[in-house]
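Comments concern the structure below.
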Amino acid sequence: MNRIARIASLGHYLPSRVVTNDDLAALMNTSDEWIRERTGIQERRFVDDDMGCTDLGVEAARQALAKAEWDVTDVDFIVFATLSPDLYFPGNAVLLQDRLGMREVGALDIRTQCTGFVYGLATADAYIRMGLADRVLVVGAEVHSRGLRLTDEGRDTAVIFGDGAGAACVEVADEEGPSRILSHSLHGEGKHAGELCIVKPGSADSPYVSAEQIEAGLMAPHMNGREVFRHAVTRFPEAIMEVLEAAGLGLDDLKVLVPHQANLRITEMVGKRLGLGPERVISNIERRGNTTAASIPIAFSEAVDEGRIERGDLVCLAAFGAGFTWGANLLRY
Ligand code: COA
């Protein structure tokens, strides 16, 4: 018998503090009009001082576990995707394992930034298919707000990113059932690593990090926005077509696309290129900002809660981000 996997449930968590574009304009030389026009973002959430990335992941995971009716002891593997971990090492997956009181299960961190959840779901599916696990918890969470430069120097990236977490319970599935994970496409092209990155602390050269480097902003994200945009609008459609072709399906079969919420203009251009109207493309960036590894599970979870995605619907998840990395998952929810 072939082992297959499915998403049993989703959960998400957003910190309560709403940060509007006007709030940012009070800190740096930007405006609500500029941010809305270039990114579509109206507001995002930032954590308060007492909350960290694992904390967000714990809340999203609790919600997903409750919806799947799993006990924490049912989980036999954890995948945690983030670019803003609590510690440089160890990764957030073990911190989450401890916080939730789980068994001493495998705990893997994924570092593919905006594509983190797509890689994480592919990993969970592969582990389940191989028989390495039956019930995998996949989490994507980010605390960007602490790493951004909320100043004129950092304004090109500071206005884009937000905090949040999403989670999925992924389990071995009944072959006769309506839901299953179908196919994946995963890519990377490291020659573009410098276009979107955080340079320090880093072991590539000396010093590992210095006060001068911190002052120069090397611990904050650096982004060549135009290059990111140019590559994203071709890589998203490529990855989406790859997973559809791998499953022997076409765009007409697709109920909805849940893209990584990079930027509303990217999402709209991808929808247009594929001929998918706004009713078939999930977007929440207006209220959530870009939450990197958390953006797909938050948008997916919200869409399920709102009734836009139902059991058995054909759903494509797709992402592009730093690395560059990009990819997609195709599934029947
Ligand atoms: N507020 C006001 N002005 C800003 C600004 C801000 N927050 N950030 C940059 N600017 C200025 C620039 O300094 C520049 O000024 P200049 O013309 O005087 O030099 C001007 O706006 C245009 O900058 P540019 O970078 O050319 O703008 P753009 O049209 O490329 O838009 C992005 C910038 C970042 C919105 C756009 O490139 C983009 O969306 N890229 C994709 C980024 C993305 O999705 N990242 C997530 C990856 S997963």
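Start at 1 and go down the list; that is how both ligands and their atoms are numbered. Only heavy atoms go into these numbers, but all of them, side chains included; no hydrogens, no water, no symmetry mates.
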With atoms numbered from 1 as shown, which atoms in ligand 1 lie under 4.0 angstrom from a non-hydrogen atom of [X]?
{"X": "I266", "result": "44 (O)"}
{"X": "V159", "result": "7 (N)"}
{"X": "A262", "result": "44 (O), 48 (S)"}
{"X": "N290", "result": "46 (C), 48 (S)"}
{"X": "V228", "result": "43 (C), 45 (N), 47 (C)"}
{"X": "D156", "result": "8 (N)"}

Looking at residues at least two apart in the chain, or sitting in another chain, which of them share a side chain to side chain donor-acceptor pair (under 3.5 Å) with S183? none
4.0 Å protein heavy-atom contact status of atom 14 (C) of ligand 1, strictly under: no
Candidate with minimal heavy-atom separation from [atom], of [options]:
{"atom": "atom 31 (O) of ligand 1", "options": "R38, E195, M28", "answer": "R38"}
{"atom": "atom 12 (C) of ligand 1", "options": "R155, R230, E33", "answer": "R155"}
{"atom": "atom 9 (C) of ligand 1", "options": "F324, F161, F320, W34", "answer": "W34"}
{"atom": "atom 38 (C) of ligand 1", "options": "T292, N263, T39", "answer": "N263"}
{"atom": "atom 45 (N) of ligand 1", "options": "R265, M223, E37, Q261", "answer": "M223"}

Within the structure, does L196 bring an N/O atom to less than 3.5 angstrom of an N/O atom in ligand 1? no
Below the 3.5 angstrom mark, is there an N/O of S31, backbone or side chain, next to an N/O of ligand 1? no
Side-chain donor-acceptor pair present, R44, N21, cut-off under 3.5 Å: yes
Set of residues satisfying ring pair (Phe, Tyr, Trp, His ring centres under 6.0 Å) with respect to H184, sequence neighbours excluded: none
Check the pair N284 / E302 against side chain to side chain donor-acceptor pair (under 3.5 Å), numbers first and verdict last. CA-CA 9 Å; N284 68 359; E302 287 185 335; 2.9 Å; yes
